[in-house]
Each structure stands twice: as structure tokens, then as C-alpha cells.
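We name chains A, B, ... by the order of the sequence lines, and we start the count at 1 in each one.
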Protein chains: 2
Amino acid sequence: MSTVDKALSLLSIFTADKPQWTVEAAAERLGVPASTAYRYFRSLTSAGLISDFSAGRYVIGPAIIELDRIARRTDPLIVAAQRPMDDLKLAAPKDNVILLSRLFRTCVMCVDQRTRGDHVMSLSFERGRPMPLFRSSVSKVILANLPSRTLSRIYDDERSAIATAGLGEDLYEFRAALREIRRAGFYISHGEVDKGVVGISAPVCSPDGDVFASISLVVPEGTMCADELRRSSQLVVKTASAISAALMGFAEPSNHNFSNVSSFGPESNFLED
Amino acid sequence: MSTVDKALSLLSIFTADKPQWTVEAAAERLGVPASTAYRYFRSLTSAGLISDFSAGRYVIGPAIIELDRIARRTDPLIVAAQRPMDDLKLAAPKDNVILLSRLFRTCVMCVDQRTRGDHVMSLSFERGRPMPLFRSSVSKVILANLPSRTLSRIYDDERSAIATAGLGEDLYEFRAALREIRRAGFYISHGEVDKGVVGISAPVCSPDGDVFASISLVVPEGTMCADELRRSSQLVVKTASAISAALMGFAEPSNHNFSNVSSFGPESNFLED
DNA sequence: GCATTTTTCCCAAAGAACGAGAATTTTGTT
DNA sequence: AACAAAATTCTCGTTCTTTGGGAAAAATGC
């Protein structure tokens, strides 16, 4: 672990549960002396990744918000999914939520969302929130399509979590459960995350051809009959294909020039030093 | 400049204009040899700050989106402004946009926004976008309240930009212009950023008492008579005070426990290693 | 104003980054 | 499946930086 890695690990202690840190507390948490922690804090602060809010209390910094905007506007997955998501939102029964998610570390994270209708469900899953790999349709369609090697490793590490999630009591059952999801090409969950909520998800491929993301249609339980459910599932699968296809276009160097940047001059902070 | 700083400077080349980088191109841009650039890329990638999208093409990573959500939910300024912004949105003439902005480096950046009405203007300024210090009401009410020393330094560095912006041909005029904004307690701009758009902004104080943020009401030109404009300005000033006051509450250690985190268990990626 | 906290500074020893090129892995193509 | 090209990691002596305990300084709070 290099010095840079150690300094960056400071960033990961800023969580939703503990979003404010003093240098002293962080030093103890990271197991480094105070003087070293101060050095790390100074570096991250000057990069804007963290920010000192009133003497000694540090929080996540403005650079994160700036970078997030750039990601929203230029991330290949997010941009490629833009239109397909809007189409799905309109084609699906109203009062729905569309979620675009991707593999991140050993979780699946929502990276974009759309909402249609006035009686919107309140979902715990939302943009930026990680979701365990074994829970929800959002995750399962990705998990099911991971390389065989990866799955073995995951099974070894998470045997009990997998059993709890009902994904099998041994490696054979686990593989069988995932094979079924893979074969179907989509997965429907009922209340796995929020009560009274149905999720329909399908896998999205990177230009390299491996599944790393998913697109999901979320509706309140009981809004669809079996037939509608089947139609909607096909809709979600089609949307997933559309996104995968659009992603291909981004593999080439400068296929997109992102110059929908109109407005007040080129995107430069002209006071930046 | 430490090694950590150098590695972090890699992050700042990912801009809206150039959001995709190869290691080679970045190495040249940063003026470091390829092997060093690979080291930096590896560190930032493993922290999730950047991500390799299809062989050799790196983009901003998912950790940014994750951190952005935490900021949205826990940043003192954003949280403190939540209710005041909603109140302002409802109290102001419909078809309005509310912008919460803060000083960042030598710019002012929008950190949160609200929209009311169907005929929403399309604004170039939005969450995450930096705005030059000398442009727009959003910036000017902050600029006007910066410490005297800071203003002198800024004037020396940006003499021509200041003249162009009509903020004075010499330091004396510059100070006079800002004094007037400070005295009024708010500022109204007409089409400084987007044509046909009026912005009304007032300054927000940190718990330490210095102005570092602003709250703005944005409406289409011509929707308000002089009298309404005056009333709205007072509304914005009141909102600014409310935010400043709410911010005080965050200065204390664990005044807020942020436990509106309901849903699927504690916020831990239970697969994280 | 003084006491407390936060932050920077100091410096010699220890350890990590550096960087050119080789080796390896991954990727794309016939 | 074999090959060419690109991307990435590895190697290793040299050089430069981080390290960390404590002192000093600056900022903060009362």
C-alpha cells in the first residue's frame, strides 16, 4: 500500500453514518499519528475532496460535487442510458421509477434514476447508494452474469450471506440459481429491498462484452397482472440492449465530443490558479 | 508539492471538456513519465475515483457518485438550506429556480438547486458548475463580503477581468462597487449569465461569521414589477439568514446524527473488503 | 485578555517514489 | 487459434520524500 493509497483511504471513512471527522479521530481510525493525518487532510483539502467546516470539523468537499456533475454529463454509461431510460419511463405503467446501476467494488451502485408519476414510492435505493450483491433484482442480474472464477471466489467469501439470501446452500445450488437468472435474461424481485415494491431488472454489457451494469423498472406491488409483468420484462430487456448498444459507440476515442456545454464560455474556471 | 498532491492533480484533468483520458495522454499533460502515471492511475482507480471504461480509456469513477450522495445528505450547508430553500421556492412567484452556492477555490459553485413550475428556464448554472467570481448575483454577493486583504489580492490578480465585468477601473472603484452590494445586503442581476434571466442573491455566513455562500432566486425577466422585486429581495435575504442560523446548529460536534438513513440495514457495504 | 484547541514546523532515520526498459498481460485482428 | 499491437505491471539501484514525536505557532473560544 503506497503513500497515495494511504492518504486516499482517508476519503473512505466519510460515510453516511459518520460524515464529519476531526483530524484526531481520523488519525486514530486510520492508525496513523496526528502529524501524518494532518498531512493527509491537507492534501485532500487542497484538492477540494474534503473541506473544513468550522474549525476542526471536516466534511466531504466541493470537488466531489463538481466531479459528480462532470460524471453526470459525460460518463459513458450514464450518457448512453439517457434516452433508453426516458423511453422506458414513458412506455412503462405510470408511477414508476427507473434505476441505472453498476458494479462497484463488491456491491452494485445506482448511478442514475428517473421518476414518473405523482404517487412515487419512496425507495431506499437511490443514486449513489451501494447495494449488496445478493439482494434485489438490480444486483442479481449482474451477479448472475459475472465470470465463473469470480463467482467461485465470491461464494467462498460469502457463503453464509448467500445462503441467507436464498441463493443456495452450496456452490452447486448457487451456480444453478444464477444460471436460471442468466437464462431468463431478466429477474423480478418482490419486496427484497422495500416492502410492497416490485423490481424488474436486466443486465447491461460493456463494450468488452461483460455484464457490469443493470437497468431496472420499479413499480408498486399489485399494479400489473401476470401478462403486463411479462410485457414489461421484455421492455426492460430491450432497454438493456439499447444501452449496451449505445455504449459501444463510446468505445471509440473521440466519438463523442461532449460539446453540449453551451452557455457562458468554455468550461474553464478562469480564475483557477 | 507532495507525492499525494501530485497524484491527486490527476483528478483535476478530468473536466467537462475532456472527461476521458488515456494513461499516455495524462502522463504528457502532467509532465510525468508513463510508469509514474500508471502508478497514479492505479491508486486513484483502486480508490474508485476514476474507472477504466474499456481498455485504456479512463473516466471519473463511481466513488465520486457515492460520495456525492453522502454530501447531498449530510453536508452542513446543504442540509441547513433544505427547508429554507423549499420555503423560498413556494413563497416566490412560480416558475422559479432556487440556487444554493458556495465559494470554492477562486470560483463560486452551485451545490444544490430547486425548481418550481412547468415553464422552467434552462440555466447554464447548475449543481456542480463553477462560476467566475465577478459574474452573476450568485457570485457578487459573496465576493462583496470577502475580507479586505483577500479583495486586494484578487484585484491585483484579476484587474482586467474586474474592469471587463464593470466592477471598477481601479482598486478604489472596485471597493466602492462591492461596498454598495454589501450595504444593500442583496444583489439583483439581469442576464449576466443567461439572457432573459433575473437573479436575486443574498449572502450566507458560516458559523465563524464569514460569508462563504449565497442563496439565489432566479426568475424569467419581466415576471416582476419593481414592487414585487423589492418584496422578493427581502424574501431572499430572510432565507439567507435562516440558512446562516441553521448552520450554527451544525457547528456543535454531534448535534445531528444523520440517522434518517432507514431502509436496508446500516449503511455498510457488507461485502466490502 | 488567557487557556485550549488546531495546525504547522522540525529533523534524522526509514522507507517509498522515481523512471527507463524489460517482461507480462490484455486486446484486437487475420 | 495464432499473431500483432497495445496496455499494464514489474524490476531495481538511486534519489527523494515521508515518517512521527515533540516543540512552536496560529487560530479559536471563553
inquiry  = Going by the rule side chain to side chain donor-acceptor pair (under 3.5 Å), which residues pair with A:Q82 if we only count those two or more places apart in sequence or in a different chain?
reply    = none

message = Holding to side-chain contact (heavy atoms from CB on, under 4.5 Å), I want the full list of residues that pass it with B:D210, two or more places apart in sequence or in another chain.
response = B:S206, B:D208

Residue pairs involving residues 24-34 of chain B (criterion side chain to side chain donor-acceptor pair (under 3.5 Å); sequence neighbours excluded) = none

message = Please determine whether a side-chain nitrogen or oxygen atom of B:T3 lies at a distance below 4.0 Å from atom OP1 or OP2 of D:dC16.
response = no

query = Could you state the CE-P distance from B:M248 to D:dT28, rounded to the nearest angstrom?
reply = 14 Å

ask   = So do A:I215 and A:L99 actually touch side chain to side chain, heavy atoms under 4.5 Å?
value = no

request  = Would you give a per-nucleotide map of nucleotides 19-30 of chain C, 5' to 3', where B means the base has a protein non-hydrogen atom under 4.0 Å away, S means only the sugar-phosphate does, and - means neither?
outcome  = BB------S---

request  = Provide, to the nearest angstrom, the distance between the CG atom belonging to B:D5 and the C1' atom belonging to C:dA17.
outcome  = 14 Å

query = OP1 or OP2 of C:dT5 less than 4.0 angstrom from a side-chain nitrogen or oxygen of A:R57, does that happen here?
reply = no

inquiry  = Can you give me the bend angle of the helix from C:dG1-D:dC30 to C:dT30-D:dA1? Use the axis through the first five pairs and the one through the last five, nearest 10 degrees.
reply    = 80°

request  = To the nearest Å, give me how far apart CZ (A:F41) and P (C:dT6) are.
outcome  = 12 Å

note = Sorted by chain and number, sequence neighbours left out, side chain to side chain donor-acceptor pair (under 3.5 Å) with B:S241 holds for none

task = Identify, with sequence neighbours excluded, every residue that meets side-chain contact (heavy atoms from CB on, under 4.5 Å) alongside B:A47.
result = A:L8, B:L49

inquiry  = Whole angstroms only, please: what is the OH-P distance between A:Y58 and C:dT5?
reply    = 16 Å

request  = Take the protein atom CD of B:E24 and the nucleotide atom P of D:dA7, then report the distance between them rounded to whole Å.
outcome  = 7 Å

task = For A:L44 and C:dT7, give me the distance from atom CG to atom P, rounded to whole Å.
result = 14 Å

task = State whether B:Y38 places a side-chain N or O below 4.0 Å from either non-bridging phosphate oxygen (OP1 or OP2) of D:dT9.
result = no

request  = From the options C:dT7, D:dT19, C:dC18, select the nucleotide whose nearest atom is closest to the side chain of A:Y40.
outcome  = D:dT19

query = Should we say atom CZ of A:R159 is surrounded by more than 12 heavy atoms from elsewhere, each under 6.0 Å from it?
reply = no

task = Take the protein atom CZ of A:R42 and the nucleotide atom P of D:dT19, then report the distance between them rounded to whole Å.
result = 12 Å

key: Selection residues 140-156 of chain B - residue pairs positive for salt bridge (Lys or Arg N to Asp or Glu O under 4.0 Å), sequence neighbours left out   = B:K140-B:E192, B:R153-B:D157

Pairs where residues 32-43 of chain A contributes a residue and the test side chain to side chain donor-acceptor pair (under 3.5 Å) is met, not counting sequence neighbours = A:S43-B:D5

